[in-house]
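Here the structure is a predicted model, which means the values were calculated and not measured.
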Amino acid sequence: MKVRKDHVYLAIVTLATGFLISHSIESTKLRALERESDQQWQLETKLNEQIVKEKEQNRILEVQLLALQREVAQVEEEVARHQSEAAEVLAELEEARMLAGVIPVEGSGVVVTMQDHPNASQSGDVMKNIVHEQDVTLVVNELRAAGAEAISINGQRLVSSSAIRCVGPTIIVNGVKSATPFVITAIGDPGTLSQALHLPGGVMDRLKDFVQISVEQKELVQVPAFVGEISFDQHTS
């Protein structure tokens, strides 16, 4: 059988065409893979750059946060210091007001009641058996020495300018006259105040034979505020 030339040429062309098409497809696939790989690389590069930027931004924010935390701590310390100073000032002011007698106070303490001796009118010496200003002053001074924080006599608050004066059977405190019984109210430790008055040879021993005097320890007593003008040219007798 004789092979024709045109058939051979056609076969060669067909093979060549197939090869070219196959090569073209492979080249296209390769270029596509190269482009995809290049895009992937670019994407990874961008992502890495973004990660680096984010890390740097986080570092900057951390530094700023630490600085703000230090500032907040300093402000808190300053506020706490001022609050402490304010509390101390208020406490000192409150104590000064209490000592000045300008505010009423209450707390535990004692109540001392003094009266004339029941047989005073029948005794040969009446003046010896009635309560005098020096008797009241003796009790007040002993209470102060024992730590009394506030004292009143028949509702009259004793302050630095208070004077205790005797006019006949009455006593004048802060310009207010009152008669027996004289009730002395003192705020402080009840046990300490009572013990001070009952010391051997002390107030109770010195007064019990001349006047009636009693001491009661109380869980709660009240001492009113001073009413009037405080004068600094007077002193407690």
Side-chain angles (χ1 to χ4, degrees), residues 95-190 192-199 201-218 220-237:
E95 183 178 359
R97 293 174 66 192
M98 185 185 70
L99 292 176
V102 296
I103 58 172
V105 290
E106 64 179 26
S108 58
V110 297
V111 175
V112 182
T113 303
M114 305 179 69
Q115 301 184 68
D116 297 338
H117 196 283
N119 298 323
S121 60
Q122 301 174 6
S123 66
D125 189 353
V126 176
M127 296 301 293
K128 188 177 180 180
N129 292 282
I130 63 173
V131 180
H132 295 281
E133 63 179 83
Q134 60 266 28
D135 303 325
V136 176
T137 301
L138 184 66
V139 173
V140 168
N141 289 341
E142 190 63 46
L143 290 171
R144 282 176 172 164
E149 299 172 3
I151 302 174
S152 67
I153 302 174
N154 284 8
Q156 289 297 315
R157 178 75 169 269
L158 296 183
V159 296
S160 59
S161 62
S162 295
I164 303 172
R165 294 191 176 91
C166 186
V167 179
T170 63
I171 285 180
I172 298 176
V173 181
N174 297 334
V176 178
K177 183 184 296 185
S178 61
T180 58
F182 301 116
V183 179
I184 303 171
T185 304
I187 291 179
D189 181 76
T192 301
L193 298 178
S194 179
Q195 185 177 9
L197 296 175
H198 286 89
L199 288 174
V203 173
M204 298 297 288
D205 282 351
R206 294 170 61 180
L207 297 178
K208 66 181 181 179
D209 293 332
F210 303 100
V211 298
Q212 279 190 322
I213 180 170
S214 64
V215 180
E216 294 180 88
Q217 298 184 40
K218 298 282 189 178
L220 180 65
V221 294
Q222 296 177 328
V223 173
F226 172 78
V227 178
E229 295 182 359
I230 298 178
S231 174
F232 297 98
D233 59 354
Q234 296 179 342
H235 63 277
T236 302
S237 300

Would you call [X] and [Y] a side-chain contact if the rule is heavy atoms closer than 4.5 Å?
X      : Y      : value
Ile130 : Val211 : no
Asp135 : Met114 : yes
Ile171 : Val167 : no

Residue pair [X] / [Y]: nearest heavy atoms and the distance that separates them:
X      : Y      : answer
Cys166 : Glu133 : N-OE1, 2.8 Å
Ala186 : Val221 : O-CG2, 3.9 Å
Pro190 : Val110 : O-CG1, 3.6 Å
Ala146 : Leu193 : CB-CD2, 3.7 Å

Counterpart residues, side chain to side chain donor-acceptor pair (under 3.5 Å), relative to Gln217 (two or more places apart): none
For Asp189, give me all partners under side chain to side chain donor-acceptor pair (under 3.5 Å), at least two apart in sequence or on another chain. Thr192
Side chain to side chain contact (heavy atoms under 4.5 Å, CB included) partners of Gln222, counting only residues at least two apart: Glu106
Applying the side chain to side chain contact (heavy atoms under 4.5 Å, CB included) test to Ile184, which of Ile151, Thr113, Ile213 qualifies? Ile151
Checking side chain to side chain contact (heavy atoms under 4.5 Å, CB included) against Ile187, which of Leu143, Leu220, Val223 comes through? Val223
Just verifying a value: how many Å separate [X] [atom1] and [Y] [atom2], rounded to the nearest 0.5 Å?
X      : Y      : atom1 : atom2 : result
Ile153 : Ile172 : CD1   : CD1   : 12.5 Å
Phe210 : His132 : CZ    : NE2   : 10.5 Å
Ser160 : Phe226 : OG    : CZ    : 8.5 Å

Between Val140 and Glu142, is a side chain to side chain contact (heavy atoms under 4.5 Å, CB included) present by the stated rule, with each step listed? CA-CA 5 Å; Val140 168; Glu142 190 63 46; over 6 Å; no
Tell me, with the steps shown, if Val112 and Val183 meet side chain to side chain contact (heavy atoms under 4.5 Å, CB included). CA-CA 6 Å; Val112 182; Val183 179; over 6 Å; no
Using side chain to side chain contact (heavy atoms under 4.5 Å, CB included), reason through Val136 and Val131 one step at a time and then give a plain yes or no. CA-CA 7 Å; Val136 176; Val131 180; 3.8 Å; yes
Only counting residues at least two apart or in another chain, list the ones meeting salt bridge (Lys or Arg N to Asp or Glu O under 4.0 Å) with Lys218. Glu216
For Val159, does its backbone N or O pair with a side-chain atom of Ser162 as donor and acceptor, under 3.5 Å? yes
Please check: side-chain N/O of Arg157 versus main-chain N/O of Pro224, any donor-acceptor pairing under 3.5 Å? yes
Not counting sequence neighbours, list each pair that qualifies as a side chain to side chain donor-acceptor pair (under 3.5 Å) and has a residue in residues 177-186. Asn154-Ser178
Hey, could you give me each pair passing salt bridge (charged side-chain N to carboxylate O under 4.0 Å, His left out) that has a residue in residues 206-215? Not counting sequence neighbours. Asp205-Lys208
